[in-house]
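None of the values given here were measured: they were computed from a predicted structure. Just so it is clear: chains get the letters A, B, ... in the order the sequence lines come, proteins before strands, and each one is counted from 1.
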Protein chains: 2
Amino acid sequence: MKTVYERADIVPLLAEIFRELGYAATSLSRITERTGIGKGSLYHFFPGGKEEMAAAVLADVDAWFEHAIYQPLRRDDARQAVAAMWTNVNDYFRSGRRICLVGAFALDETRERFSSAIGGYFIRWIDALRSALMRAGCAEEEAQVLAEEGVAGIQGALVLSRALDDTTVFTRSLETLAKRLDAVRR
Amino acid sequence: MKTVYERADIVPLLAEIFRELGYAATSLSRITERTGIGKGSLYHFFPGGKEEMAAAVLADVDAWFEHAIYQPLRRDDARQAVAAMWTNVNDYFRSGRRICLVGAFALDETRERFSSAIGGYFIRWIDALRSALMRAGCAEEEAQVLAEEGVAGIQGALVLSRALDDTTVFTRSLETLAKRLDAVRR
DNA sequence: GTCTATACAGTGATAGAC
DNA sequence: GTCTATCACTGTATAGAC
């Protein structure tokens, strides 16, 4: 039995492994172990090795957020887009069981390797959310602070719910954040 | 030239390295490289190797928070203790330049190794903060939610300020959180 | 207590057979 | 495209001289 892959099939598998183990602890042998994909195939698709794999994963994650979260925040009805963000974020992070790869990379030396991808992800999230809040009637300065509070709050909720191994903490945190961002609009 | 250490001298040095690199990327050779302490000495003080080093660091961090943050929150004037928490946290994390080791450990597989230490740190932080909020006039359920919001918010602010490489994001986030926890008290 | 030397499993990476 | 074999290197850990 032999499976033939495309690059696009591998990236989500890699993403899950990087998410669970972090960049440093993700070794090629553990990737092979979990996916059944040999080193030969991995280096065929990612000649740059582990770093190229992680970069591809980051780009994939970014594309998902751009499509599912940021664009609606920038273009659609502000109230609906913000509401959709909370439910999509809760689903994407599996109520806190799944962590944010970009946030995790930001916390250790991995940040230095991917600083522009990491920075861009958060910058665009905050900008898109601020845009929606302003369209919903919020002043620019307040919208900026609220957008930062929302995005940071999600990251913190992931850390906390994982530390306590309790998904209710994550869901409850999202509800609290939603109220905070809702209160100012009219 | 030869320096003789005590275990207590080494732990803070290890803490800084674990904080910067994370558990997996912290190797004994990098510890030696940065501290000048040889493998022989390290294994003399920590026969359990890297895992015992990290456990000692976590215990040290925990002791600091217990003394500087949790105990005041439980015992001192509630308003003053909460206010002191914000300034102490800002100083301890160097306005976001320094990350929270416990939070970072919670995000990858390192959590499994130290789950009780990680869980205890956050449980006791939240409990102590809730106690202070209740003494300041907050109902129990609301105090619980606010305490979680505060602690999670700090973790999120660390992620965000590091991702954006911007200490003002951290300081501003703490101010916003302080207002949130202040609003309900009378 | 600290150092040097060393064991040996695991690392990322490459080359060539198929 | 995938596999196996192999590379040089670094990982943790140990033993013994000083």
Side-chain angles (χ1 to χ4, degrees), chain A residues 1-60 101 104-105 108-114 117, chain B residues 1-58 60 101 104-105 108-114:
Chain A
M1 163 107 192
K2 172 167 133 178
T3 315
V4 175
Y5 290 94
E6 288 185 31
R7 197 180 135 118
D9 302 324
I10 301 180
V11 172
L13 301 175
L14 295 175
E16 221 51 51
I17 301 173
F18 278 119
R19 249 190 284 268
E20 284 179 41
L21 307 180
Y23 183 78
T26 297
S27 66
L28 298 187
S29 62
R30 293 188 80 169
I31 294 172
T32 300
E33 183 185 86
R34 291 212 192 183
T35 63
I37 305 167
K39 288 195 218 293
S41 303
L42 290 170
Y43 274 96
H44 170 72
F45 290 116
F46 308 95
K50 194 165 90 161
E51 182 155 356
E52 189 177 341
M53 297 178 208
V57 167
L58 283 175
D60 194 53
L101 189 74
F105 278 13
D108 60 39
E109 59 162 0
T110 313
R111 177 183 70 153
E112 267 64 57
R113 257 178 225 268
F114 306 107
Chain B
M1 164 105 189
K2 173 168 132 174
T3 315
V4 176
Y5 289 95
E6 288 185 32
R7 198 179 134 118
D9 301 325
I10 300 179
V11 173
L13 301 175
L14 294 175
E16 221 52 50
I17 300 172
F18 278 118
R19 250 190 283 267
E20 284 179 41
L21 307 180
Y23 183 78
T26 297
S27 66
L28 298 187
S29 61
R30 293 187 81 168
I31 294 173
T32 300
E33 183 184 87
R34 292 214 192 182
T35 62
I37 305 168
K39 289 195 216 296
S41 303
L42 290 171
Y43 275 96
H44 170 72
F45 290 115
F46 307 95
K50 195 165 91 160
E51 182 156 355
E52 188 177 340
M53 296 179 210
V57 166
L58 283 175
D60 195 51
L101 188 75
F105 278 12
D108 59 38
E109 57 162 2
T110 313
R111 178 182 69 152
E112 267 64 57
R113 256 178 225 270
F114 305 107

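Taking the side chain of A:Tyr43 as heavy atoms from C-beta on, and the options D:dG1, C:dG12, C:dT2, the nearest nucleotide is C:dG12. Ranking D:dT2, C:dA13, C:dC3 by closeness to the A:Phe45 side chain, first place goes to D:dT2. Here the side chain of B:His44 is nearest to one of C:dG1, C:dA13, D:dG1, namely C:dG1. Of the candidates D:dG1, C:dG1, C:dA13, D:dG1 carries the atom nearest the A:Val4 side chain, counting heavy atoms from C-beta on.
Closest of all the heavy-atom pairs between A:Glu109 and B:Ala25 is OE2-CB, 3.4 Å.
Among the protein residues, B:Thr32 comes within range of no part of the nucleic acid, since none of its heavy atoms lies under 4.0 Å from any strand. Among the atoms of the strands shown, only primed sugar atoms or phosphate atoms (P, OP1, OP2) are found under 4.0 Å from some heavy atom of B:Gly38.
Rounded to whole Å, the distance from CG on B:Leu28 to C1' on D:dT12 is 6 Å. A:Leu42 places its CG atom 12 Å from the C1' atom of D:dC3, with the value rounded to the nearest Å. Whole-Å rounding puts the B:Glu51 CD to D:dA13 P distance at 9 Å. The interatomic distance linking A:Phe46 (CZ) with D:dT2 (P) rounds to 11 Å, in whole Å. Distance A:Lys39 NZ to D:dT2 C1': 14 Å, rounded to the nearest Å. If you take OH of A:Tyr5 and C1' of D:dG1, they are 12 Å apart, rounded to a whole angstrom. If you take CZ of B:Arg30 and P of D:dG11, they are 8 Å apart, rounded to a whole angstrom. One can place CD1 of A:Ile31 at 8 Å from P of C:dG12, the figure rounded to the nearest angstrom.
No side-chain donor-acceptor contact under 3.5 Å links B:Lys39 to the backbone of B:Thr32.
Ring orientation note: the planes of A:Phe105 and A:Phe114 are close to parallel, at an angle under 30° on the 30°/60° scale.
Contact check, A:Ser29 against C:dG10: no side-chain N or O comes under 4.0 Å of OP1 or OP2.
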*asked:* Pair B:Ile31, B:Met53 - check side chain to side chain contact (heavy atoms under 4.5 Å, CB included), show working.
replied: CA-CA 11 Å; B:Ile31 294 173; B:Met53 296 179 210; 3.9 Å; yes

*What do the steps show when you test B:Val11 against B:Phe46 for side chain to side chain contact (heavy atoms under 4.5 Å, CB included), and what is the final call?*
CA-CA 10 Å; B:Val11 173; B:Phe46 307 95; 4.1 Å; yes

